[in-house]
Structures are given as structure tokens and as C-alpha cells.
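Below is one structure, written out as C-alpha cells, with a few remarks after it.
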Amino acid sequence: MKKPNILLITSDQQHFDTIGAFNPEISTPNLDRLVREGTTFQRAYCPNPTCTPSRSSIITGMYPSQHGAWTLGTKLGEDKQTVGDVLRKNGYRTALVGKAHFQPTRSTEEYPSLESLPLLQDIDFWKNYNQPFYGFERIELLRNHTNEYLVGQHYVAWMEEKGFSDWKQYYMAPTGTMDPSIQYTWGIPEEYHYNSFIAEKTNELLETYQKQEENFFLWASFPDPHPPYLVPEPWASMYDPDQLTIPELVPFEHEHNPPHFKKTQEPEPDFTDLEETGFGIHGYHTHIIPEEDRKKLVANYYGMISFMDKFIGSILDKLDELGMGDDTLIVFTTDHGHFFGQHGLQFKGGFHYEDLIKLPFIVRYPGQIPAQKESHALQSLIDLAPTFLSFANISIPALMSGEDQKQVWLNNEKKKRDHVLCEFRHEPTTIHQKTYVDERYKITIYYQQTYGEIFDLLEDPKELNNLWDHPDYQVLQKELLLKYAWAELHKEQMPMPRISHA
């Protein structure tokens, strides 16, 4: 089989049920196109519901507990072998356009970071940067979500090259001068939005690879719809908040959950007992938001996705225009999910509901991967690296823990996995949990805690009834704990095979 080009397109923090083909309340014509032309996997999961750990797993094929970037504010070690490293050694051109987030925004002597301030905003540095970055020979990076002050890198260089000299008025202090009271509608012109930057740079690379007739691995990494909730018009007013289904808390649903769930519904909860490092911890705060704001943020979140979808369409069109569509394996997914009212929660944190850890996941490879198909075969983001290598007919490194899903994607096998694992460790000891998910059940355990969660995803798909302490389900708890232990044993790495008796 001819080696395919590989195009990975990702969003950031996108709920699994935000594709128009499956949700009539949102418009995503280009993602719908991928659904029609490829296979949608309805049971795909992240290995960690935060950016750095999950993104590092995408390129290493390892769990966060293995590759070392275990939470936000850590970095993926440059010594880790990535899928880009392996593909480059085997003749592929490799590039990353958009958000990386493999490193933190602070740098120390012991742990230097290329994505840190003030280097992040040294535009001359980024204009001249030409070294490999985690296996990518070419990078075009940005680090901000919407109007965040972290704007910089290649994105700012691009805006200035376009003659957009007054870009700072659209970004927050101390970098910019934008009024912090502005919500939902972002005044930045569409042609200077980072969606335009990502699509333009991606399409330029596609043209280069087509002319040079070289195989490529190209990752187009969009930062939306990660909050802050801001998007230009007409996308900001595309959806009427009063016409959308707004998820919300079911009364008493947290009565049998671990204590941090119920605390999120208090006006001023106290989570100081969980603080260890002194850095911010995602999700451990009040999640109470006025009803009017809850409606607006959902409408805006949908607008951000539809806006991004337009530029995904630009990339797909370019691929077909260049005649490379039939020779390119495309994967669309996200790094983790998102709450916008489900279970009374917002954004993300230590709450391993399906809303946060399950992902949109579509694969397309014309003539190879079935079109217009849905599959419930379990997938994990750690499977991407080994599966890409398998499609390229390249040996998979022993340290990659992900499963080779090639035959499942080709519809030659029904499934490769009987479970997935998801980790969340936001503090060394106090916020440290792991979740095991199989075809029916989900169990979550917490380090040094006797509480936990068990949900029956078949009988209770909305995850409203935690069975952990239910007297009728203690045998099930024992069985799932044993299966979780087996899963941990299964993921242990073997750097080399056994080659002799002794």
C-alpha cells in the first residue's frame, strides 16, 4: 500500500456533541463533510482532560504518567521520542501549525521553556527559529486563546507582516489594551484572527508538499473553542441563546459524589485543603453562573466552533484542489472535552464525566476507511501515534503504549481495545485520580481516598447515579477495581523484548 500523507486537525476543548451531523442545533458543514466521507468513532477518549498532558500523549503515544508532562505548568522532555521524530527518519516532512502547549509559560534554569514569557513575545526570535521542535521540522506557533495576553510567536509576526499594526487593541493587558469588560463579541477582523493564520499557513505547506511530491505529517492545531468566549461577528450572534438547549444541574445529582463535586455548587467554596503547589487548580471553584450568562456562553461557544469549521473547510478544499485528498489520511479530533452546564459544571477540572473526557473523532481516507460509518470501538488519543506509523508501514517503537488501530479504522477488525484509561493529576497528592472505562462501565479512583465513582453508561448514560457506595453494586466495584489494576499492568512499557533465558 502506498504511504499516505497524514493530516491531523484538532480543536481545543471541544465537547463531543458539537458536530452538526449529530446535533441539529449547531452548524458545522465541513465537519459534517468529514462525517459523510469517513468514519466517526463515538467512543473516543483523551488520556487527560487538560492541554499539555493530552497533547504530549498525541505525539508520544504514551500516557501522561509515562511521558512526564503530568499537568499544566510542566513540560514534555525534549528527550522523548515523538511520532514526528520517527516519521522524519522515514522520509516524511513534518509540521505543526497553531497551538503546541508542550511547555509552560514560565521558564527556569532547570526547566527551560520555549513557550514562556518573555521569549514567547520575542517576535524576531520566532521569525528566525528554524530548529526541530518535538519532531516537527517546521512550526508556525501561537499560544493564546482568543484575547489572552499570551499572544505572540509566529502569529504576531504574521499579523505585522500583513500590515495589521494595531493588533494590540484586541488583546488583554499587559500585552494589549483591550477593555476587559467586553464579552462574547470580539472586534478583531476575521482576516487577522488566528483561524485565518492557521488555515493560510497550513495551505501554504500543502502547496509546498504537493510541488515537492513528498509525504507529510501536518498538524493543524486550532485553539478554539477553548474559553475565553469571544468570536468576531457574524459568528458572535449566529445563535440565539433562547433557542438552544442549555445543559444544567439535575437536583441532588451530586449527593453521592465525592465532596469536590458538591462544593462547585456553593457560592464561595473552600478548596484550600487541596492546594499544594500554590499554582491555580482547574475546576476547584464555584461553578455558579447567572442563567442569562449561561445561555450566552453556550451560543458563543457554538459560534466559535462554526467559525473554526469555516477554516477547516478551507484546508479540506485546498487538499482537494491540489489533488491530494485521496492520498491523505485525515483525523479530526480535540485534546479534551468541555462543560457548558452539564452537571452544573463549567470549563474543565477533576470531573471525569463523558462531557469532559469523550471526544469528537473522525477519520477519513478515501477508498481505505469506510465512508458514512459510525463505530463504537474504543479509541484513545494515545493511539494516534502508533496508528499513524502503522499506516505509513513503519515499525512502532516499543515505548509507545497506544494501540495500533489501523485494522479497526479500515473496518477489518471490530475493536482493538476493551478499555481506556484517563488520568488527572493537578497536584502531587491531593488532586490525583484515574478513570477506567470499558464498553459499559466507568470507575474513577482517587489517590489516598476511599470515595470514588462508578457509572453504568448503558443504564445511566447521563451519569446521574453514582453506584460507588450502593450496597447492591459492591461486587461490581470489586470487579471494576480488578479490571483497573489489570489495565495499569497492561500499560507498563517493555523497552525491549526478552531475547534469552538469562
Side-chain angles (χ1 to χ4, degrees), residues 11-13 50-52 55 72-75 96-109 111-129 133 139-201 220-233 235-236 278-282 297 300-301 303-304 307-308 311 335 347-348:
S11 58
D12 191 335
Q13 198 162 317
T50 48
C51 296
T52 299
R55 289 168 175 273
L72 300 174
T74 67
K75 67 179 287 187
L96 168 60
V97 180
K99 177 178 174 178
H101 205 170
F102 305 134
Q103 300 187 355
T105 55
R106 181 190 171 202
S107 190
T108 67
E109 185 174 345
Y111 302 106
S113 170
L114 274 177
E115 298 189 64
S116 66
L117 293 167
L119 186 61
L120 184 73
Q121 295 174 335
D122 184 345
I123 307 307
D124 287 335
F125 170 84
W126 291 101
K127 284 181 179 179
N128 297 302
Y129 186 84
F133 186 69
I139 53 174
E140 296 282 351
L141 299 185
L142 63 94
R143 188 63 172 76
N144 56 296
H145 303 101
T146 66
N147 68 339
E148 289 178 339
Y149 73 95
L150 296 170
V151 61
Q153 295 174 296
H154 298 99
Y155 174 46
V156 166
W158 174 82
M159 285 193 287
E160 293 183 347
E161 288 167 3
K162 294 278 186 181
F164 190 43
S165 57
D166 58 347
W167 57 268
K168 288 187 178 181
Q169 66 175 300
Y170 300 104
Y171 294 92
M172 297 298 294
T175 303
T177 59
M178 183 173 170
D179 181 352
S181 68
I182 294 175
Q183 292 183 299
Y184 305 119
T185 301
W186 197 14
I188 191 170
E190 182 175 312
E191 62 265 35
Y192 301 119
H193 190 279
Y194 46 62
N195 286 349
S196 275
F197 164 74
I198 293 169
E200 180 178 306
K201 292 296 183 180
S221 177
F222 290 88
D224 282 0
H226 188 296
Y229 296 102
L230 280 171
V231 68
E233 291 289 6
W235 316 94
F279 299 109
I281 50 178
H282 276 281
L297 67 84
N300 199 262
Y301 184 74
M304 294 170 76
F307 181 42
M308 175 184 65
F311 291 91
D335 54 358
F347 315 129
K348 59 191 173 191

(message) I need the E148 CD to T105 OG1 distance, nearest 0.5 Å.
(response) 9.5 Å

(message) With salt bridge (charged side-chain N to carboxylate O under 4.0 Å, His left out) as the rule and sequence neighbours excluded, what pairs involving residues 181-194 come up?
(response) E190-K310

(message) Has S107 got a side-chain atom pairing as donor or acceptor with S113's backbone, closer than 3.5 angstrom?
(response) yes

(request) State whether the side chain of S221 and the backbone N or O of K99 hold a donor-acceptor pair below 3.5 Å, judged by distance alone. (result) yes

(message) How close do Y192 and K162 get, counting heavy atoms only, and between which atoms?
(response) CE2-CB, 3.7 Å

(message) What's the separation between atom CZ in R55 and atom OG1 in T50, rounded to the nearest 0.5 Å?
(response) 11.0 Å

(request) Look at the aromatic rings of H226 and H145 and report parallel, tilted or perpendicular, splitting at 30° and 60°. (result) parallel

(message) Closer than 3.5 angstrom, by distance alone: can the side chain of Q121 be matched with the main-chain N or O of V156 as a donor-acceptor pair?
(response) no

(message) Less than 4.5 Å apart, side chain to side chain, heavy atoms only: is that true for L141 and F133?
(response) yes

(message) Are there over 12 heavy-atom neighbours, none belonging to Y149, within less than 6.0 Å of that residue's OH?
(response) no

(message) Ignoring hydrogens, what is the shortest heavy-atom contact between F102 and L96? Give both atom names and the distance.
(response) CE1-CD2, 4.0 Å

(request) Would you kindly say whether Y194 and N144 are connected by a side-chain donor-acceptor distance under 3.5 Å? (result) no

(message) Quick check: do I188 and F164 have side-chain heavy atoms less than 4.5 Å from each other?
(response) yes

(message) Angle between ring planes, F307 versus F311, binned at 30° and 60°: parallel, tilted or perpendicular?
(response) perpendicular

(request) Indicate whether any N or O donor in one side chain lies under 3.5 Å from an N or O acceptor in the other, for W158 and E140. (result) no

(message) Keeping Q103 on the side-chain end and S116 on the backbone end, is there a donor-acceptor pair under 3.5 Å?
(response) no

(message) Between L120 and Q153, is there a side-chain heavy-atom distance shorter than 4.5 Å?
(response) yes

(message) Would you say that more than 12 heavy atoms from the other residues, nucleotides or ligands in this model lie under 6.0 Å from the NZ of K127, or not?
(response) yes

(message) Whether the side chain of T52 engages the backbone of L72 through a donor-acceptor N/O pair (distance < 3.5 Å, no angle test) should be reported.
(response) no

(message) Looking at every non-hydrogen atom in both residues, tell me the closest pair between P225 and Q13 and how far apart they are.
(response) CG-O, 3.9 Å

(request) Would you name the heavy atoms of W126 and H154 that are closest together and state the gap between them? (result) O-NE2, 3.1 Å

(message) With rounding to the nearest 0.5 angstrom, report the CE to OG1 distance, M172 to T146.
(response) 9.5 Å

(request) Kindly indicate whether the side chain of Y229, heavy atoms from C-beta on, has any atom under 4.5 Å from the side chain of Q183. (result) no

(request) With side-chain contact (heavy atoms from CB on, under 4.5 Å) as the test, would you mind laying out the steps for F279 and R106 before giving the verdict? (result) CA-CA 12 Å; F279 299 109; R106 181 190 171 202; 4.0 Å; yes

(message) When you measure from the side chain of N300 to the backbone of L230, do you find a donor-acceptor pair of N or O atoms at a distance under 3.5 Å?
(response) yes

(message) So which atom in D335 and which in C51 form the shortest heavy-atom distance, rounded to 0.1 Å?
(response) OD2-SG, 3.4 Å

(message) For a 4.5 angstrom cut-off between non-hydrogen side-chain atoms, does L150 reach Y171?
(response) no

(message) Between L114 and F125, is there a side-chain heavy-atom distance shorter than 4.5 Å?
(response) yes

(message) Within the 4.5 Å heavy-atom criterion, are M304 and S11 side-chain neighbours or not?
(response) no

(message) Tell me if a side-chain donor or acceptor on W167 pairs with a main-chain N or O of E160 at a distance below 3.5 Å.
(response) no

(request) Work out which heavy atom in P223 is nearest to a heavy atom in I198; give both atom names and the distance. (result) CD-CD1, 3.6 Å

(request) Would you sort out whether L297 and Y184 count as a side-chain contact (heavy atoms from CB on, under 4.5 Å), showing the intermediate values? (result) CA-CA 7 Å; L297 67 84; Y184 305 119; 4.2 Å; yes

(request) Would you check if R143 and H101 make a side-chain contact, meaning some heavy-atom pair closer than 4.5 Å? (result) yes

(request) Report, as yes or no, whether the 6.0 Å neighbourhood of atom OH on Y111 holds more than 12 heavy atoms from other residues, nucleotides or ligands. (result) no

